[in-house]
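Shown next, in structure tokens, is the structure this report addresses.
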There are 2 protein chains.
Amino acid sequence: MRLTADGQTGSAQEESGRVTAMDSKTKNRPQTLPDGARPTLKTIAFMTGLGITTVSRALKDAPDIGAETKERVRLVAKQIGYQPNRAGVRLRTGKTNVISLVLTLEEEIMGITSPMVVGITEILAGTPYHLVVTPYSAVKDALAPIRYILDTGAADGVIISRTEPHDPRVALLTERGLPFVTHGRTEMGIVHPYHDFDNERFAYEAVRKLVARGRRRLVLLEPPPHLTFYSHMRAGFERGLRDFQADAVSFHQTNIDHSLVEIRDAFEVLMRSDDAPDGIVSGSGSGAIALIAGLEMAKKKLTEDCDMVSKSPSDFLRWLRPEVMTMYEDIRVAGRELAKAVIGHIDGQPAETLQSLSQPEFQPPITRGLRA
Amino acid sequence: MRLTADGQTGSAQEESGRVTAMDSKTKNRPQTLPDGARPTLKTIAFMTGLGITTVSRALKDAPDIGAETKERVRLVAKQIGYQPNRAGVRLRTGKTNVISLVLTLEEEIMGITSPMVVGITEILAGTPYHLVVTPYSAVKDALAPIRYILDTGAADGVIISRTEPHDPRVALLTERGLPFVTHGRTEMGIVHPYHDFDNERFAYEAVRKLVARGRRRLVLLEPPPHLTFYSHMRAGFERGLRDFQADAVSFHQTNIDHSLVEIRDAFEVLMRSDDAPDGIVSGSGSGAIALIAGLEMAKKKLTEDCDMVSKSPSDFLRWLRPEVMTMYEDIRVAGRELAKAVIGHIDGQPAETLQSLSQPEFQPPITRGLRA
DNA sequence: CTTCAAATCTGTAACGATACAGGTGCGATG
DNA sequence: CATCGCACCTGTATCGTTACAGATTTGAAG
């Protein structure tokens with residue numbers, strides 16, 4: 001057996017005279033170290049005179065390493081700025097230290113991605129996790145990115161949104177045991193981590209507010225029917241109608257996933273009809289914009305002919321149309337909750353403890369500043 | 001020499017009788033294969049009867065592999081859905097297949113992240129690259145994420161934004177030879193890939209438009225002075241003032257990085273003063289909102305007392321304030337350009353060929369749909 | 001003066017891929 | 001019939017890390 005430059009045992013082909021006088025205790029100690037390269041366990045092993053294994057275990061605070069040794073190793077590691085090589089860890093253990101955010105490319109329409117990414121990274125910043133954004137285009141391909149992640153082991157945890165009552169992604173992830181969290185709930189009897197906005201309550205409170213303003217013929221701009229929060233929002237809307245005695249005006253042909261132009265045109269028709277509502281609940285902030293446009297094209301005016309309550313993930317409406325009563329959906333906070341939940345799931349916390357609902361509240365008007 | 005279960009040569013400690021009769025040609029062929037696990041080169045080697053090295057080189061289309069062999073390997077690889085293990089490649093070659101998008105957490109204010117991420121992922125989807133979002137908080141820490149990426153080799157390419165004329169990030173990345181692209185230009189004599197919006201032209205055209213409307217006392221809501229595009233926008237503004245004979249009204253105490261409330265309040269004061277402008281150029285869409293609010297608090301009206309041109313990365317303004325003339329900054333396209341440029345840089349294309357400027361154009365008003 | 005267990009430490013193999021430095025076989029050449 | 005070059009294929013070592021199965025030392029027990 002001969003030794004190569006850095007002390008690993010070489011091939012078994014004999015070469016006379018190459019066996020050095022090194023005793024076994026220092027057999028695989030690194031003999032040379034690359035110069036300006038980043039430090040590895042080998043570097044620390046060299047500096048401390050310990051074996052690579054020992055260093056690895058010391059940094060992991062393993063029970064079979066002496067207290068003083070651990071201290072020494074930690075000190076050196078810190079001094080030279082050691083950071084474990086992610087590829088090494090990943091190859092050996094399968095741990096990727098990656099959280100994957102799975103997005104529809106179409107999701108940007110709602111402008112939701114941005115604060116969400118910020119919220120997630122705020123949490124991940126304090127952890128070894130990186131955020132990888134994984135997109136998919138067509139709705140039918142929703143499973144594709146999930147399969148990719150499962151097949152290639154691309155992430156330790158996944159964040160998905162736009163959940164459906166029976167969501168195949170949730171089924172697949174659960175079956176394969178990959179930790180995940182959903183933005184939105186499901187109804188398939190699977191207990192899993194989620195964060196959601198309480199859309200039932202939003203719609204209910206919206207109806208209450210509109211009725212308090214004397215409005216009785218209400219319309220709802222709803223989510224697309226296949227998403228879970230469609231039924232939440234509808235349920236809240238209808239409960240409100242019952243409790244506060246108002247009537248629904250039908251507007252089912254249109255939903256928040258339609259283009260602004262479509263929403264506007266459909267709403268203009270409605271507002272010109274005999275069936276025109278006098279109160280609007282808008283399930284999305286951008287949808288509200290289109291509704292306002294349609295309303296104005298029908299020569300109606302907010303506050304006078306009609307009042308409106310809208311969900312709003314941004315400040316635009318409040319600034320430009322203070323007449324619209326808004327309930328703020330804080331996507332950034334949602335991102336934070338989602339990140340905490342996936343990590344919790346990865347760490348083995350029970351799913352029941354990783355579920356949260358954010359309660360809608362009406363926003364105060366913008367402060368009027370200097371002089372009112 | 002003995003063989004372990006999967007045919008790798010074992011340690012040199014002799015164990016009698018374990019040497020099989022295998023000839024050297026098949027010495028390191030895999031003997032067993034894990035069951036439902038994902039395929040590796042070993043799997044393909046086993047299926048084709050070739051060596052692991054051969055398979056690796058065949059998939060790389062190396063010149064020393066026979067045409068038929070390549071065909072066979074490719075076929076099998078495709079059949080079983082082989083995808084190279086990223087950790088393996090990364091560990092061995094250092095290639096991460098990662099593009100890092102470096103963002104300020106504060107960037108979300110401008111709502112810019114979302115379409116940008118979408119644009120980038122659209123391009124990356126057709127490549128082996130993943131997008132990792134790397135945030136940093138304080139402005140003084142702008143170098144921290146860059147250093148992290150350099151020190152840990154976390155990415156093959158980097159996308160940064162909010163460039164300064166003398167940007168230390170650009171200096172560092174160039175010095176260390178890590179491919180990158182900037183959203184915005186620099187002025188340090190370093191030729192590097194960039195994509196930028198032509199802010200000079202934007203401001204110039206804005207002034208032209210306002211003067212054409214008879215406005216002569218113009219104000220500019222400008223970017224923060226330390227960013228490169230501050231001077232671009234100012235230059236265009238001033239060139240416009242000269243060419244079209246208008247005057248500047250000073251508003252330097254405030255810029256687009258300030259809060260909407262600050263902008264509004266400062267602008268209200270200005271509009272109430274004797275020095276009130278009659279034309280506004282807004283360097284940001286959200287800034288425009290605040291300006292409008294301030295203007296209205298000063299009891300002035302758009303179109304009557306004042307006209308306004310604004311840069312706008314979204315549709316909100318156009319829908320809610322059609323009186324505002326907007327030039328669209330397509331962030332999604334910017335994301336696409338940036339992604340293409342980093343990849344080009346990684347592939348060794350010369351930096352000069354990876355620079356692009358997006359030309360501003362006035363947006364048409366929203367189509368009025370059914371009946372006008 | 002063994003023997004044994006506890007406390008520490010360590011070498012080897014392996015994860016999956018690739019660079020490198022050989023093999024092997026075959027037909028052409030002398 | 002050696003020899004050579006070419007076309008093709010292959011083993012070994014290695015990237016950085018960790019699981020596993022030993023080593024070694026120490027001191028107490030017998």
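Numbered from 1 within each chain, the chains take letters A, B, ... in sequence-line order.
- When atom types are taken as modelled, the side chain of A/D156 and the backbone of A/K95 share no donor-acceptor pair closer than 3.5 angstrom.
- Between A/H192 and A/T186, the side chains place a donor N or O and an acceptor N or O closer than 3.5 Å (distance only, hydrogens not considered).
- The CG-P distance, from A/D61 to C/dT8, rounds to 13 Å in whole Å.
- A donor N or O paired with an acceptor N or O is found under 3.5 Å between the base of D/dC9 and the side-chain atoms of B/D64.
- Residue B/S56 places none of its side-chain N or O atoms closer than 4.0 Å to OP1 or OP2 of C/dA17.
- Contact annotation for A/T93: backbone-only contact, meaning every heavy-atom pair under 4.0 Å involves sugar-phosphate atoms and none involves a base.
- Taking the C1' atoms of five terminal pairs at each end of the helix from C/dC1-D/dG30 to C/dG30-D/dC1, the two resulting helix axes are inclined by 80°, rounded to 10°.
- Using a 3.5 Å distance cut-off with no hydrogens or angles, the side chains of B/S100 and B/T134 do pair a donor with an acceptor.
- A donor-acceptor contact closer than 3.5 angstrom links the side chains of B/Y136 and B/T104.
- Checked against C/dA17, D/dT17, D/dG11, the side chain of B/R92 finds its nearest nucleotide in C/dA17.
- Of all the residues in residues 66-74 of chain B, B/G66, B/T69 reach under 4.0 Å from DNA chain D with at least one non-hydrogen atom.
- Evaluated for a side-chain contact (heavy atoms from CB on, under 4.5 Å) with A/Y129, the options A/I343, A/I123, A/V98 yield exactly one hit, A/I343.
- Rounded to a whole Å, the NZ atom of B/K95 is 16 Å from the P atom of C/dA17.
- Computed from coordinates, the B/F46 CZ to D/dT10 C1' distance equals 18 Å when rounded to whole Å.
- For DNA chain C, the neighbouring residues in residues 76-90 of chain B, judged by any heavy atom under 4.0 Å, are B/Y82, B/P84, B/N85, B/G88, B/V89.
- The aromatic rings of B/Y148 and A/H130 sit perpendicular, their planes meeting at an angle over 60°, well past the 30° parallel limit.
- Straight-line distance from the CD1 atom of B/I65 to the P atom of C/dA19: 13 Å, rounded to whole Å.
- Rounded to an integer number of Å, the gap from A/I52 CD1 to D/dA19 C1' is 15 Å.
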